[in-house]
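Following: one structure in structure tokens, then a few remarks.
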Amino acid sequence: MLRSLVGSEMCIRDRSTGIAMRLHVHVREKTILVQCADGLQKIQWLASVGFCRYDANHGMELGRPVMVKNEEGEAVDMNQLVKNAFDDNAHVWILSQDEAGSEGV
């Protein structure tokens, strides 16, 4: 892995492709760009990162992320690897218990 600074974020790049996977994570009204390196993290990790970066309180008022949806609005298995569920630059929606409950889940 190669590490370099991009803006104020650390960017970790896969040596084989030279490209770090990035996702646009939507948490309520905010969109947060998350660097995922080679995407070997579980989607649960991605959801937690999205909530933590939501605000200065690290998203504590949001509770625990309970659902992740893809661009088609389909729920994604939280134990799946990021790279197996999403393409680079995909948009992802993270829902709290309240938001998922309001959708009848």
Side-chain angles (χ1 to χ4, degrees):
M1 295 285 168
L2 298 173
R3 294 175 189 262
S4 62
L5 286 176
V6 176
S8 62
E9 285 196 32
M10 177 69 77
C11 180
I12 303 172
R13 297 178 189 265
D14 184 343
R15 285 184 192 264
S16 62
T17 63
I19 299 171
M21 184 176 191
R22 300 183 319 172
L23 295 174
H24 302 271
V25 177
H26 298 262
V27 179
R28 293 192 176 169
E29 76 286 353
K30 289 189 177 182
T31 303
I32 304 155
L33 185 63
V34 177
Q35 302 278 350
C36 300
D38 53 8
L40 293 175
Q41 308 89 336
K42 289 188 177 183
I43 293 173
Q44 178 63 51
W45 168 86
L46 179 65
S48 296
V49 168
F51 270 25
C52 284
R53 293 186 186 175
Y54 176 74
D55 63 19
N57 293 326
H58 304 290
M60 292 183 70
E61 76 278 355
L62 299 175
R64 184 176 61 87
V66 296
M67 183 182 292
V68 175
K69 290 188 173 187
N70 61 21
E71 293 178 353
E72 290 77 36
E74 300 165 334
V76 180
D77 180 1
M78 301 276 269
N79 290 310
Q80 193 174 173
L81 295 180
V82 169
K83 73 175 189 169
N84 293 339
F86 304 109
D87 292 326
D88 186 36
N89 282 314
H91 288 259
V92 178
W93 284 262
I94 312 298
L95 282 71
S96 66
Q97 181 70 46
D98 292 342
E99 294 164 321
S102 69
E103 293 190 15
V105 177

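Here the structure is a predicted model, which means the values were calculated and not measured. Scope of the values below: all heavy atoms of this structure, side chains included, with no hydrogens, waters or symmetry mates.
At a threshold of 4.5 Å between non-hydrogen side-chain atoms, the residues Val34 and Trp45 count as touching. Side chains of Met67 and Trp93 form no contact here, defined as non-hydrogen atoms less than 4.5 Å apart. Residues Lys69 and Val92 have side chains not in contact (no heavy-atom distance under 4.5 Å, counting atoms from C-beta outward).
Side chain of Gln97 to main chain of Val66: no donor-acceptor pair is present (N/O by atom type, distance under 3.5 Å, no hydrogens or angles). Judged by distance alone, with hydrogens and angles left aside, the side-chain atoms of Asn57 form no donor-acceptor pair with the main-chain N or O of Met60 at under 3.5 Å. A donor-acceptor contact shorter than 3.5 Å is absent between the side chain of Lys42 and the backbone of Leu81.
With rounding to the nearest 0.5 Å, the separation of CG in Leu95 from CZ in Phe51 is 7.5 Å. Considering NZ of Lys83 and CG of Asp38, their distance stands at 6.5 Å, rounded to 0.5 Å.
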Practice prompt. For Val27 and Leu62, run side-chain contact (heavy atoms from CB on, under 4.5 Å): C-alpha distance rounded to whole Å, both residues' side-chain angles, the deciding distance at 0.1 Å, then the answer.
Written response: CA-CA 10 Å; Val27 179; Leu62 299 175; 3.7 Å; yes

Worksheet item: Checking side-chain contact (heavy atoms from CB on, under 4.5 Å) for the pair Glu61/Asp55: CA distance, chi angles, key distance, verdict?
Response: CA-CA 10 Å; Glu61 76 278 355; Asp55 63 19; 2.6 Å; yes

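Scanning both residues, Phe86 and Met21, for their nearest heavy atoms gives O-CE, 3.0 Å. Contact detail for Leu46 and Cys36: the closest heavy-atom pair is CD1-SG, 4.1 Å. Of all the heavy atoms in Lys30 and Tyr54, the pair that sits closest is NZ-O, 2.7 Å. Taking each heavy atom of Ile32 and Gly50 in turn, the nearest pair found is CD1-O, 3.5 Å. Of all the heavy atoms in Ala85 and Ile43, the pair that sits closest is CB-CD1, 3.4 Å. Between Leu23 and Asn89, the shortest heavy-atom distance links the atoms CD2-N, 4.4 Å.
Residues satisfying the side chain to side chain contact (heavy atoms under 4.5 Å, CB included) test with Ser48, not counting sequence neighbours, are Gln44, Pro65. Under the side chain to side chain contact (heavy atoms under 4.5 Å, CB included) criterion, Asp87 pairs with no residue, sequence neighbours left out.
Inspection of the His24 and Thr31 side chains reveals no N or O donor paired with an N or O acceptor under 3.5 Å. In summary, the side chains of Asn70 and Glu74 do present a donor paired with an acceptor at a separation below 3.5 Å, with no hydrogens or angles considered.
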